[in-house]
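Beneath this line is the structure, given in structure tokens, with notes to follow.
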Amino acid sequence: MTKNRVPHIFERQRASAKWTRARARQRLNGGATYLSDTIADDVIERLEFMRFEPGSARVVGDASGGLSAHFLSKGTTAETGLLGEFDEEGIGPLGEFDFIGYLLGLGMVNDLPGALIRARNELKSGGLLIASFPGAGSLPTLRQITLAADDDRPAARIHPQVDSRAGSALLERAGFARQVVDTYPIKVRFSSLERLVNDLRDHGLTSSLASPAPPLTLTSLERARAAFDQLREDDGKVTETFEILVLTGWR
């Protein structure tokens with residue numbers, strides 16, 4: 001996709017700042033990493049099921065290092081990249097890796113088709129890409145709460161999300177020889193709205209939209225908390241869902 005046709009949905013500097021903040025929260029405050037950990041474990045299970053043992057790999061977004069540690073144990077040479085610092089949409093070396101893994105962040109780049117084309121070009125023949133990130137259907141509870149908070153003036157507060165059909169089309173467009181797209185849910189229960197928001201910050205999943213929504217007023221926050229309270233279940237907690245979209249493609 002040529003640069004003049006790439007939609008400017010996300011602001012790169014805002015995205016970089018939130019990923020940097022997320023790593024600081026995880027390192028200094030014991031911040032939540034359960035989403036990236038679960039995604040890394042899932043990728044490992046897929047690789048073991050396929051009996052795919054790459055000689056060389058690139059992993060971007062492996063917050064706790066679980067996938068990198070797996071490759072180290074297998075004798076795989078693994079290059080790592082940090083979300084917000086690694087340029088998914090840039091130009092890289094051709095045919096260098098047997099495996100490329102993107103964890104959590106690839107759904108928040110402006111040129112997703114271009115990022116997938118870059119990944120394919122960097123794979124050796126027969127190489128494998130797995131990209132996992134929250135897709136369509138994620139955060140239904142938060143969507144409901146923010147609509148209640150904004151009342152009669154709803155604002156775009158949650159990132160656009162890719163669904164399975166679009167994911168398949170993107171892999172095909174990028175030129176992958178074979179493609180598999182599937183999803184799985186991660187359900188998390190929260191005792192407060194503040195805990196939900198803090199966990200999103202820990203994971204770097206807060207907004208980096210190029211046109212940010214206006215800040216919530218005190219009245220809006222009161223409506224949001226009231227909406228959260230109305231969703232409490234018998235044990236007093238509220239369930240939120242992250243629908244993880246997994247794009248798998250072979251060169």
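No donor-acceptor contact under 3.5 angstrom links the side chains of Glu96 and Ser56, judged on distance only. In this model, no donor atom of one side chain and acceptor atom of the other lie less than 3.5 Å apart for Ser191 and Lys237.
Residues Val181 and Leu170 are not in side-chain contact: their nearest non-hydrogen atoms beyond the backbone lie 4.5 Å or more apart. The closest side-chain heavy-atom distance from Asp98 to Leu128 is not below 4.5 Å.
Taken to the nearest 0.5 Å, the CG atom of Leu104 stands 4.5 Å off from the CH2 atom of Trp19.
In terms of modelled atom types and a separation under 3.5 Å, the side chain of Asp111 and the main chain of Glu89 share no donor-acceptor contact. Between the side chain of Asp150 and the backbone N or O of Ala155 there is at least one donor-acceptor pair closer than 3.5 Å. Panel note: side chain Ser36, backbone Asp62; no donor-acceptor pair is recorded below 3.5 Å. The closest donor-acceptor contact from the side chain of His159 to the backbone of Ser208 lies under 3.5 Å. At distances below 3.5 Å, at least one donor-acceptor pair connects side-chain atoms of Arg23 with backbone N or O atoms of Leu83. Proximity of a side-chain donor or acceptor of Arg157 to a complementary backbone N or O of Leu142 within less than 3.5 Å is not detected. For the pair Glu240 (side chain) and Thr141 (backbone), a donor-acceptor distance under 3.5 Å is present. Looking only at distances, a side-chain donor or acceptor of His203 sits under 3.5 Å from a matching main-chain atom of Leu35. Ser207 contributes a side-chain N or O that, together with a main-chain N or O of Leu209, makes up a donor-acceptor pair within less than 3.5 Å. One N or O on the side chain of Asp202 and one on the backbone of Ala32 form a donor-acceptor pair closer than 3.5 Å.
When all heavy atoms are compared, the tightest approach of Val43 to Ser132 is CG2-OG, 4.1 Å. Nearest heavy atoms, Ala174 versus Arg120: O-CD, 3.0 Å. Across every non-hydrogen atom of Leu193 and Ala224, the tightest pair is CD2-CB, 3.8 Å. The two residues Asp37 and Ser64 make their nearest non-hydrogen contact at OD1-OG, 2.8 Å. Between Ile44 and Gly66, the closest heavy-atom pair is CD1-O, 3.8 Å. Taking all atoms of both residues into account, the shortest heavy-atom contact from Leu171 to Val180 is CD1-O, 4.2 Å.
Using a cutoff of 4.0 Å between basic side-chain nitrogens and carboxylate oxygens, Asp42 and Arg46 are scored as salt-bridged. Between Arg232 and Asp229 a salt bridge is recorded (basic side-chain N to carboxylate O distance below 4.0 Å).
The only member of Ile130, Val60, Leu247 that meets side chain to side chain contact (heavy atoms under 4.5 Å, CB included) when paired with Tyr102 is Val60. A side chain to side chain donor-acceptor pair (under 3.5 Å) with Thr206 is found for one member of Lys18, Arg21, Arg14 and no other, namely Arg21.
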Test side-chain contact (heavy atoms from CB on, under 4.5 Å) applied to Ser138 and Glu243, step by step: CA-CA 5 Å; Ser138 293; Glu243 193 70 26; 3.7 Å; yes
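Residues forming a side-chain hydrogen bond (donor to acceptor under 3.5 Å, both in side chains) with Asn121 (at least two apart in sequence, or on another chain): none. Applying the side-chain hydrogen bond (donor to acceptor under 3.5 Å, both in side chains) test to Gln179 and every residue at least two apart in sequence or in another chain returns nothing.
Taking the six-membered ring where the residue is Trp, Phe99 and Phe52 present tilted rings, their angle falling between 30° and 60°. Under the 30°/60° scheme for interplanar angles, the aromatic rings of Tyr34 and Phe242 are found to stand perpendicular.
In the displayed structure, Leu28 atom CG is contacted under 6.0 Å by more than 12 heavy atoms of other residues, nucleotides or ligands.
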